[in-house]
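This report concerns only the one structure given below.
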Amino acid sequence: MKNKILVTGGTGYIGSHTVCELIGQGYQVVIVDNLSNSERFIVDRIEQITGTRPAFYEFDLKDAAKVDELFDKEPDIKGVIHFAASKAVGESVKIPLTYYRNNLTSLINLLESMSRHGVQNIVFSSSCTVYGQPDKLPVDESAPIKPAESPYGYTKQVCENILRDTIKSEGGNLHGIALRYFNPIGAHPSGLIGELPRGVPNNLMPFITQTAYGIRQQLSVFGDDYNTPDGSCIRDYIHVVDLAKAHIAAIDRMIGGKNKTDFEVFNIGTGNGYSVLEVIKSFEKVSGVKLNYKITGRREGDIEQIWADTTIANNELCWKAQLSIDDMTLSAWKWEQNYRKQL
Ligand code: NAD
Ligand code: WQD
């Protein structure tokens, strides 16, 4: 049995897939989640997939005393993967203080408690949103951080800085890796876990699968007049299972002492850009469903195009995304159908 890892937000979309990969690699996993954006049954599904039930603590990371209590109860935690955060860009514009409080306080509480308990390794969920619209594509980790487009995006920038400053102050006793995810989509091949948006989805993939299933009437494609080959926006979509595996590589790197500096940042994408219309085409091909969509106006705040230079992650983490856009859209569709059938 390998080391024990604390996964915050472990019943969420990316967290649950990462927990499955960790267990698959022999790690012991402890989850903390307040279920503000996920469901308790995900713990059962993780057990169904892996044959192992992870320890599950339901509480809010904003409660510093509870965080301390957890590290007291689980004294052998070797590393933390910190997913827990509020993540809806549009909502963050409406309730910025909720976003600042949740995303910043949770990280601060964790770091303080880790220091008190001698826990030395943390992986942080960052985002390509820190780049805004990059001047150069593909974007690499040295690209300038642009003024944030939303309070959510700003929390990712500030959290990276909190981490950097804290690590510096710990003089070698704390190591951190920030993974800047591009656009995670898709679901576990079992169809047992996947993205579970509450209410009307903001993101493209769940909107596509819900439209195909008949829950939404029509998908709006936000603009076809961008300066891209087909006029729709381009993103670097990455399969959530590939993304989950990048976390294992990051944890292994720090625990194995292979990190080159105490704070490292890696882009996690495929290195390929797909347009909105190309994602729709892939979905229609793999599902056999004709999608009802129409081109509408641009969505405010959208950037035109972005995809990752993943060279550093490929070389340093010895990790590379393996799964194709068709794997992503097909697994998302399988999950949508399975989930709806059991409701
Ligand atoms: P998610 O909402 O599915 O998962 C986050 C989990 O954290 C949820 O289960 C939620 O209940 C929990 N949580 C939130 N606040 C908490 C708190 N104070 N205490 C305890 N639990 C709390 O989101 P996700 O898509 O899995 O994203 C995970 C992380 O990755 C987030 O930090 C997000 O900002 C980041 N990220 C996501 C994307 C994306 O497109 N999904 C892209 C880039 C970065
Ligand atoms: C993808 C493309 C839309 C919905 C967001 C966050 C980012 C990161 C990932 C966390 C865009 C188009 C979408 C729809 C559409 N999250 N679209 N119709 O905006 O790239 O990134 O998630 O860190 O911070 O901003 O993802 O899935 O919303 O959009 O045409 O109904 O699909 O315009 O081009 P986005 P998305």
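Hydrogens, waters and symmetry mates play no part in the numbers below; they use all other heavy atoms, side chains included. Both ligands and their constituent atoms are indexed starting at 1 by order of listing. The first residue in the sequence is number 1, and the count goes up from there.
Checked for salt-bridge contact, R198 and E39 meet the test: a charged N lies under 4.0 Å from a carboxylate O.
A heavy-atom separation below 4.0 Å is not found between C128 and ligand 1. The closest approach between N183 and ligand 1 stays at or above 4.0 Å for every heavy atom of the residue. Contact analysis leaves S86 out of contact with ligand 1, as no non-hydrogen atom separation drops below 4.0 angstrom. Taking 4.0 Å as the cut-off, K156 counts as a neighbour of ligand 1 on heavy-atom distance.
If you check which protein heavy atom lies closest to atom 26 (O) of ligand 2, you get N183 ND2, 3.1 Å. Taking atom 29 (O) of ligand 2 as the reference point, the nearest protein heavy-atom neighbour is R299 NH2, 3.4 Å. In this structure, atom 1 (C) of ligand 2 lies nearest to the protein heavy atom Y237 OH, 3.4 Å. Nearest protein neighbour of atom 13 (N) of ligand 1, counting heavy atoms only, is N34 OD1, 3.4 Å. Nearest to atom 19 (N) of ligand 1 among the protein's heavy atoms is L61 N, 3.0 Å. Among protein heavy atoms, atom 10 (C) of ligand 2 sits closest to Y152 OH, 3.0 Å. Nearest protein heavy-atom contact of atom 15 (C) of ligand 2 is F222 CD1, 3.3 Å. Summary of contacts: the protein heavy atom closest to atom 8 (C) of ligand 2 is S127 OG, 4.0 Å. Atom 10 (C) of ligand 1 has D33 OD1, 3.4 Å as its closest protein atom, hydrogens excluded (heavy atom only). Distance from atom 40 (O) of ligand 1 to its nearest protein heavy atom, with residue and atom name: P184 CD, 3.4 Å.
Where the criterion is an N or O separation shorter than 3.5 Å, residue side chain and backbone included, G9 fails it with respect to ligand 1. For K87, no nitrogen or oxygen atom sits less than 3.5 Å from a nitrogen or oxygen atom of ligand 2, counting backbone and side chain alike. For ligand 1, none of its N or O atoms has an N or O atom of F182 under 3.5 Å away. The shortest N/O to N/O separation between Y13 and ligand 1 falls below 3.5 Å. In terms of N/O distances under 3.5 Å, ligand 2 is approached by L204. Between S127 and ligand 1, a contact under 3.5 Å exists for no N or O pair. At least one N or O atom of K87, backbone or side chain, sits closer than 3.5 Å to an N or O atom of ligand 1.
The ligand atoms of ligand 1 that sit less than 4.0 angstrom from a heavy atom of Y152 are 33 (C), 34 (O), 35 (C), 36 (N), 44 (C). The ligand atoms of ligand 2 that sit less than 4.0 angstrom from a heavy atom of V89 are 6 (C), 25 (O). Residue S125 approaches ligand 1 through these ligand atoms, each under 4.0 Å from one of its heavy atoms: 29 (C), 30 (O), 32 (O), 35 (C). Those atoms of ligand 2 with a heavy atom of C233 less than 4.0 angstrom away are 34 (O). Numbered from 1 in the order shown, with element, the atoms of ligand 2 that lie under 4.0 Å from a heavy atom of N202 read 4 (C), 28 (O). Listed by number with element, the atoms of ligand 2 under 4.0 Å from a non-hydrogen atom of V276 are 2 (C), 12 (C), 30 (O), 32 (O), 34 (O). Near S220, with a cut-off below 4.0 Å to any heavy atom, the atoms of ligand 2 are 14 (C), 15 (C), 18 (N), 30 (O), 31 (O). Annotation for ligand 1: atoms under 4.0 Å from non-hydrogen atoms of A84 are 7 (O), 13 (N), 16 (C), 21 (N), 22 (C). Taking every non-hydrogen atom of S106 and a distance limit under 4.0 Å, the qualifying atoms of ligand 1 come out as 18 (N). Within the listing of ligand 1, atoms 17 (C), 18 (N), 19 (N) sit less than 4.0 angstrom from a heavy atom of D60. Shown in contact with T129 at under 4.0 Å from a heavy atom are these atoms of ligand 2, numbered in order with element: 24 (O). Residue S126 approaches ligand 1 through these ligand atoms, each under 4.0 Å from one of its heavy atoms: 43 (C), 44 (C). Residue-ligand proximity, D302 to ligand 2, at heavy-atom distances under 4.0 Å covers atoms 3 (C), 19 (O), 33 (O). Taking a cut-off of under 4.0 Å to the non-hydrogen atoms of S38, the atoms of ligand 1 that pass are 8 (C), 9 (O), 11 (O). When each atom of ligand 2 is checked for a heavy atom of V221 under 4.0 Å away, the hits are 30 (O).
Around NZ of K78, the count of heavy atoms belonging to other residues, nucleotides or ligands within 6.0 Å does not exceed 12. Residue K146 qualifies as enclosed at atom NZ: its count of foreign heavy atoms under 6.0 Å is above 12.
With Q305, R180, R235 as candidates, the residue nearest to atom 11 (C) of ligand 2 on a non-hydrogen basis is R235. Residue nearest to atom 26 (O) of ligand 1, selected from T11, V130, L35, I14: I14 (by heavy-atom distance). Between N203, T155, I280, I14, it is N203 that holds the heavy atom closest to atom 36 (P) of ligand 2.
For E284, the salt bridge (Lys or Arg N to Asp or Glu O under 4.0 Å) partners at least two apart in sequence or on another chain are K290.
If you look at H17 and F83, their ring centroids are not closer than 6.0 Å.
At a 4.0 Å heavy-atom cut-off, ligand 1 touches S36 through backbone and side chain alike. At a heavy-atom cutoff of 4.0 Å, ligand 2 is contacted by no atom of Y181, backbone or side chain. Contact annotation for Y226 and ligand 2: no heavy atom of the residue comes within less than 4.0 Å of the ligand. Within the 4.0 Å heavy-atom criterion, neither part of V279 lies near ligand 2. Of the heavy atoms in F59, only backbone atoms (N, CA, C, O) come closer than 4.0 Å to ligand 1. At a heavy-atom distance under 4.0 Å, no atom of N103 approaches ligand 1.
To the nearest 0.5 Å, the span separating CD on Q157 from OH on Y152 amounts to 11.0 Å.
Nearest heavy-atom pair, T8 versus L61, reported as atom, atom and distance to 0.1 Å: CB-CD1, 3.7 Å.
No single ILVMFWY cluster, assembled from side-chain heavy atoms under 4.5 Å apart, contains both I255 and I122.
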